[in-house]
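Below is one structure, written out as structure tokens; comments come after it.
To find a chain, count down the sequence lines: A is the first, B the second, and so on, and within it residues start at 1. Quick caveat, the model's predicted, so the values are computed rather than measured. Just the heavy atoms: all of them, side chains too, but no hydrogens, waters or symmetry mates, feed the values below.
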Amino acid sequence: MMLTQKIKFSVLCLGVFFLASCATTDIEKKDYSKFRAADLKSVLIVPAVNKSIDVDAPDYFLSTAAKPLAERGYYVFPVHLVKRIIEDDGLSDADLVHGADPVILAGLFNADSVLYVSIERWDAKYAVFSTTVTVEFNYVLKSGITGEELWQNTQYLEYTPDSSGNSGNPLADLIASAIVAAIEKAAPSYIPLTQQANGLAVGSKFRGIPAGPYHSLYGLDQADFEGIDEQESEEEQESEEEQVAN
Amino acid sequence: MKKKSFLLLLGVFFLTGCATNNSLYSWGNYESALYKYYKKPDSIEGYIQALEKAILKGESNSNVAPGLYAELGYIYLEQGDMAKAQEYFLKEKSVWPESTYIIDKLIASTSSSTSEGEDK
């Protein structure tokens with residue numbers, strides 16, 4: 001009696017696990033059909049729109065923007081050159097750039113796609129013994145040919161240096177914490193945090209950007225983004241079951 | 001909470017550490033040099049040197065990162081060194097055909113300015 005109850009319970013648990021895992025993959029799953037159909041080779045990253053109060057954030061962000069996308073296998077137009085050319089064309093304000101027709105922007109460079117980034121968070125909360133740095137970015141990739149949205153993602157990251165030392169001397173720990181917090185206050189680590197955010201935004205499975213033509217996985221990563229391999233194996237299992245039933 | 005976020009960040013560090021080991025390209029100090037240039041616009045020499053170094057390393061590993069030749073060419077264009085600007089623009093175009101359209105436009109602008117210079 002006890003044993004069957006235990007088995008029942010564990011089966012129930014197992015079922016819940018399966019359901020839960022299905023649910024999360026369903027939520028996480030993006031539609032990559034438009035992205036795949038566009039078969040992009042190049043990306044034009046335009047200056048970021050700034051929703052933070054730090055006026056330097058867009059330039060600092062730009063210095064970290066090209067590498068992760070290029071490392072995904074795309075030609076990324078040189079970000080600083082692009083910024084200057086767009087400014088020379090009279091679009092010195094990032095809000096104007098983001099409001100402009102992506103087809104026209106892409107046409108200036110003959111780019112396949114345009115990446116628009118909005119800086120949602122770029123701030124540091126100071127306290128005596130800890131400082132928390134937060135960044136959040138919204139990324140939208142649009143086709144340079146049709147102007148339609150091909151991909152979008154949001155990335156939030158925060159960082160609090162671990163200053164809770166364990167030297168066994170509470171006073172020394174307190175001083176150490178204050179020093180760590182002061183260092184972070186003097187130079188908040190926006191750049192490493194932004195580099196990580198960009199890397200996660202474009203490199204994460206099921207929500208990032210699939211490999212481009214200069215990457216060895218170009219055209220071979222459907223399992224990592226659409227989860228197609230799993231679907232196929234499920235379909236195979238189902239058809240096998242049907243055959244057995246017949 | 002703090003411990004958790006720290007551990008998470010540590011994990012991210014490791015992940016990104018792995019990713020950079022498998023880099024497609026030699027970036028050198030391009031990112032930090034551009035950041036410093038934006039922070040202090042008079043530090044352009046450091047930016048130029050970082051680009052040159054990254055390009056040299058990339059050439060020896062035959063993996064120059066996309067855009068670096070053109071970034072350097074554009075700095076030379078802004079400084080009025082049209083010969084060097086053209087040299088780097090042509091390199092960008094030969095390695096990255098995606099840049100052909102914009103590079104041709106930029107080279108056209110350098111040759112018109114050089115002919116103006118010769119007239120004088």
Side-chain angles (χ1 to χ4, degrees), chain A residues 40-45 56 58-85 107-112 130 132 157-164 189-200 203-204 212-216, chain B residues 1-13 15-20 22-25 27-39 41 44 47 51 63 65-75 77-78 88-89 92 95-106 109:
Chain A
L40 304 176
K41 290 175 183 60
S42 62
V43 182
L44 178 74
I45 304 176
D56 293 324
D59 276 351
Y60 293 171
F61 174 85
L62 203 58
S63 71
T64 69
K67 186 176 168 183
L69 262 177
E71 290 290 335
R72 292 300 297 146
Y74 296 90
Y75 178 75
V76 177
F77 285 86
V79 290
H80 179 65
L81 179 153
V82 167
K83 174 182 148 78
R84 285 292 165 87
I85 289 180
L108 290 172
F109 298 85
N110 199 25
D112 291 347
S130 72
T132 301
L157 274 185
E158 65 170 44
Y159 170 61
T160 306
D162 187 18
S163 47
S164 55
S189 43
Y190 291 117
I191 293 302
L193 209 58
T194 301
Q195 288 168 327
Q196 284 160 31
N198 290 339
L200 288 170
S204 298
Y214 291 105
H215 197 285
S216 58
Chain B
M1 257 313 274
K2 271 183 204 166
K3 276 263 167 64
K4 263 189 191 168
S5 62
F6 178 73
L7 281 176
L8 189 77
L9 209 72
L10 208 77
V12 171
F13 269 124
L15 281 174
T16 47
C18 295
T20 44
N22 304 325
S23 269
L24 295 179
Y25 308 111
W27 293 91
N29 292 325
Y30 164 71
E31 285 190 316
S32 59
L34 182 57
Y35 167 77
K36 281 177 194 153
Y37 173 47
Y38 282 138
K39 203 168 187 176
I44 190 154
Y47 180 49
L51 283 170
N63 65 357
L68 295 194
Y69 285 129
E71 294 280 35
L72 188 53
Y74 195 76
I75 298 295
L77 177 75
E78 286 186 322
Y88 284 104
F89 284 151
E92 179 82 15
V95 181
W96 307 103
E98 295 85 353
S99 70
T100 302
Y101 178 79
I102 185 65
I103 293 294
D104 284 348
K105 277 209 286 189
L106 287 163
S109 77

Would you mind checking which part of [X] comes under 4.5 Å of any heavy atom in chain A, side chain (CB onward), backbone (N, CA, C, O), both or neither?
| X | answer |
| --- | --- |
| B/Ile75 | side chain |
| B/Ala70 | both |
| B/Tyr69 | neither |
| B/Ile103 | neither |

Checking A/Asn110 now: which residues fulfil side-chain contact (heavy atoms from CB on, under 4.5 Å) with it, not counting sequence neighbours? B/Tyr101
Taking side chain as C-beta onward, heavy atoms only, is [X] less than 4.5 Å from [Y]?
| X | Y | value |
| --- | --- | --- |
| A/Tyr214 | B/Trp96 | yes |
| B/Lys39 | A/Tyr60 | yes |
| A/Val82 | B/Ile102 | no |

Find the distance between [atom1] ([X]) and [atom2] ([Y]) and round it off to the nearest 0.5 Å.
| X | Y | atom1 | atom2 | value |
| --- | --- | --- | --- | --- |
| B/Tyr37 | A/His80 | OH | NE2 | 4.0 Å |
| B/Glu98 | A/Leu44 | CD | CG | 13.0 Å |
| A/Leu62 | B/Leu34 | CG | CG | 6.5 Å |
| B/Tyr35 | A/Gln195 | OH | CD | 10.5 Å |

Which atom names give the shortest non-hydrogen contact between [X] and [Y], and what distance separates them?
| X | Y | result |
| --- | --- | --- |
| B/Tyr38 | A/Asp59 | CD1-O, 3.2 Å |
| B/Ser99 | A/Tyr75 | CB-OH, 3.3 Å |
| A/His215 | B/Leu24 | CD2-CD1, 4.4 Å |

Closest-packed option against chain A by number of heavy-atom pairs under 4.5 Å, given B/Tyr74, B/Tyr25, B/Trp27: B/Trp27
Is it the backbone or the side chain of A/Asp56 that comes under 4.5 Å from a heavy atom of chain B, or both, or neither? neither
Which answer fits A/Ile191, side chain, backbone, both or neither, if we ask what part of it has an atom under 4.5 Å from a heavy atom of chain B? side chain
Indicate yes or no for a side-chain donor-acceptor contact from B/Lys105 to the backbone of A/Leu108 under 3.5 Å, with no hydrogens or angles considered. yes
